[in-house]
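Only a predicted model underlies this, so the values are computations on that prediction, with no experimental measurement involved. A, B, ... follow the sequence lines: proteins, then strands. Residue 1 opens every chain.
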There are 2 protein chains.
Amino acid sequence: MEAVAVRGRPREFNVDAALAAALRVFWTRGYEGASLTDLTEAMGITRPSLYAAFGNKEALFRQALDLYEREKQAFVRPALEQPTAKGVAERLLQGAIDNYLDPDGCDPRGCLGVITSTACGTEAECIRDEVLERGRKVNELFTQRMAKAVADGDFNGPVDPETITNYLMTVLKGMAVQAGAGATRDEVQRVADATLAMWPGR
Amino acid sequence: MEAVAVRGRPREFNVDAALAAALRVFWTRGYEGASLTDLTEAMGITRPSLYAAFGNKEALFRQALDLYEREKQAFVRPALEQPTAKGVAERLLQGAIDNYLDPDGCDPRGCLGVITSTACGTEAECIRDEVLERGRKVNELFTQRMAKAVADGDFNGPVDPETITNYLMTVLKGMAVQAGAGATRDEVQRVADATLAMWPGR
DNA sequence: CTGCTTCCATATCGACCGGTACATAATATC
DNA sequence: GATATTATGTACCGGTCGATATGGAAGCAG
């Protein structure tokens with residue numbers, strides 16, 4: 001697919017590897033906390049190379065965000081396909097734990113989306129809005145899935161699809177904060193287990 | 001208590017009011033996101049006055065954090081004195097909603113602690129550690145309270161005091177993220193209600 | 001009044017921010 | 001070979017960051 005016209009001097013670095021390195025920096029420090037110096041050092045390239053390859057800091061962040069959703073949050077969509085609401089929740093919680101507390105210890109802790117959407121200076125407002133918008137779309141997907149679960153009789157009592165979705169998202173985001181604040185994987189795992197143990201249905 | 005030696009020119013601004021204004025800025029923008037220009041404009045004083053009265057940005061933040069805990073999170077300690085674990089949780093969740101989504105609409109949304117502890121640049125690391133340490137102390141208090149609740153037979157099944165505390169803190173922090181991300185008070189209230197409805201005991 | 005102390009306002013400091021101009025190096029096409 | 005095109009490295013732009021030096025204004029005690 002990349003039958004690029006290779007006129008001119010060829011690039012000396014791997015764009016995908018550089019983007020992955022940039023993602024790690026954003027994931028660790030947030031959008032505003034990640035300086036161009038941090039980024040270029042981690043990516044192993046110079047400033048002009050970064051601007052030539054990615055546009056600017058904001059465009060680089062958006063591409064890193066795409067990569068994050070594509071590779072690190074791939075668990076979200078399959079979770080929707082579980083047969084019961086509790087199954088959906090279980091897959092989501094487990095995927096989040098792997099995302100927030102990488103068992104290999106390679107990835108940063110916490111959630112890029114939560115880190116970015118948590119308020120910082122005015123500069124990043126448009127970035128923040130983009131992240132919030134993406135979150136809203138995920139929320140919609142799960143609300144629809146929970147509505148189906150209500151119809152399927154997955155819940156013991158009366159349950160509002162929006163509320164149970166918001167509850168689930170709240171626990172997820174709380175886990176992200178805890179993970180970022182230094183909680184161990186076992187601690188977060190027990191929180192997820194407890195959440196499932198209290199789950200009001202199947 | 002303030003029998004200050006009033007030699008020299010008297011101060012032209014109210015220190016408490018200025019600190020309250022600074023708190024609102026930190027609460028809205030986070031530690032790093034709040035620039036000295038933001039702060040001095042909101043406080044209505046000049047930079048040298050700020051440094052003379054509060055030391056530096058970090059010292060100002062610590063004093064704002066003290067004010068925050070003293071006035072905005074006063075609900076935490078009384079919650080511990082509720083007779084049952086569910087009562088403790090209820091008071092904590094309700095107090096958090098009032099804290100994160102001020103009914104009068106005067107205070108900023110979300111939680112200063114969560115905003116600050118969520119990663120940003122390297123400059124704020126020592127501030128972050130301080131906030132995390134304060135959070136750890138609160139966590140200990142609630143773990144002890146939940147251990148008593150276990151002994152009191154407040155829970156239906158076997159429950160680990162640490163885990164139920166971590167679960168509660170996770171929901172609280174998730175609510176703070178949701179509130180900061182634009183959730184309405186009703187939405188967050190329903191999440192809290194749902195949490196209590198699933199609570200495994202009295 | 002004269003000292004003395006403290007506060008306020010202006011005008012900066014050096015460091016770092018995101019972003020670029022410019023010259024040079026490396027490849028393809030002709 | 002010559003030339004066009006692209007990438008790289010250096011050095012720098014204006015702007016903002018947190019923090020201050022400095023000089024004058026405003027109050028006290030004597």
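- Checking dG18(C), dA19(D), dC8(C) against the side-chain heavy atoms of R47(B) singles out dA19(D) as nearest.
- Using a cutoff of 4.0 Å between basic side-chain nitrogens and carboxylate oxygens, D98(B) and K72(B) are not scored as salt-bridged.
- In the set dA7(D), dG19(C), dG18(D), the nucleotide with an atom closest to the side chain of L36(B) is dG18(D).
- Taking atom CD1 of I45(A) as the reference point, atom P of dT10(D) lies 14 Å away to the nearest angstrom.
- Residue A34(B) is in sugar-phosphate contact alone, with no base atom involved, counting any heavy-atom pair closer than 4.0 Å across all strands shown.
- Taking the nucleotide of DNA chain C with the nearest heavy atom to each of D38(A) and G55(A), the more 5' of the two is matched to D38(A).
- Between dA7(D) and S49(A), no contact under 4.0 Å exists linking OP1 or OP2 to a side-chain N or O.
- With distances taken from any side-chain atom of P10(B) to the nucleotides dG18(D), dG27(D), dT27(C), the minimum falls on dG27(D).
- Summarising the geometry, the separation between OH on Y51(A) and P on dT20(C) is reported as 7 Å, rounded to the nearest angstrom.
- Look at CZ on F13(A): it is 15 Å from C1' on dA26(C), rounded to the nearest Å.
- In this structure, the nucleotide among dT6(C), dT8(D), dG18(C) sitting nearest to the side chain of E12(A) is dT8(D).
- Atoms CZ (R9(B)) and C1' (dG24(D)) sit 9 Å apart, rounded to a whole Å.
- Each of E32(A) and P48(A) lies near DNA chain C, and the nucleotide nearest E32(A) is the one positioned closer to the 5' end.
- Residue T37(B) places at least one side-chain N or O closer than 4.0 Å to OP1 or OP2 of dC17(D).
- Between Y31(A) atom OH and dC17(C) atom P the separation is 14 Å, expressed in whole Å.
- The distance between atom CG of N56(A) and atom C1' of dG18(C), rounded to the nearest whole Å, is 9 Å.
- Defined by atom type and a distance below 3.5 Å, a donor-acceptor pair is missing between the side-chain atoms of D193(B) and Y167(A).
- At dC7(C), one or more side-chain N or O atoms of R11(B) fall inside 4.0 Å of OP1 or OP2 (strictly under the cut-off).
- Between L39(B) atom CG and dC17(D) atom P there is a gap of 10 Å when expressed in whole angstrom units.
- With no hydrogens or angles considered, no side-chain donor-acceptor pair links R128(B) and T118(B) at under 3.5 Å.
- Look at CZ on F54(A): it is 14 Å from P on dG19(C), rounded to the nearest Å.
- Looking at heavy atoms from C-beta onward, N139(B) lies in side-chain contact with T165(B) at the 4.5 angstrom threshold.
- When each of dG9(D), dC8(C), dT5(D) is scored by its nearest atom to the side-chain atoms of R7(A), the top-ranked nucleotide is dT5(D).
- Checked by atom type and distance alone, the side chain of R24(B) pairs as donor or acceptor with a backbone atom of C106(B) at under 3.5 Å.
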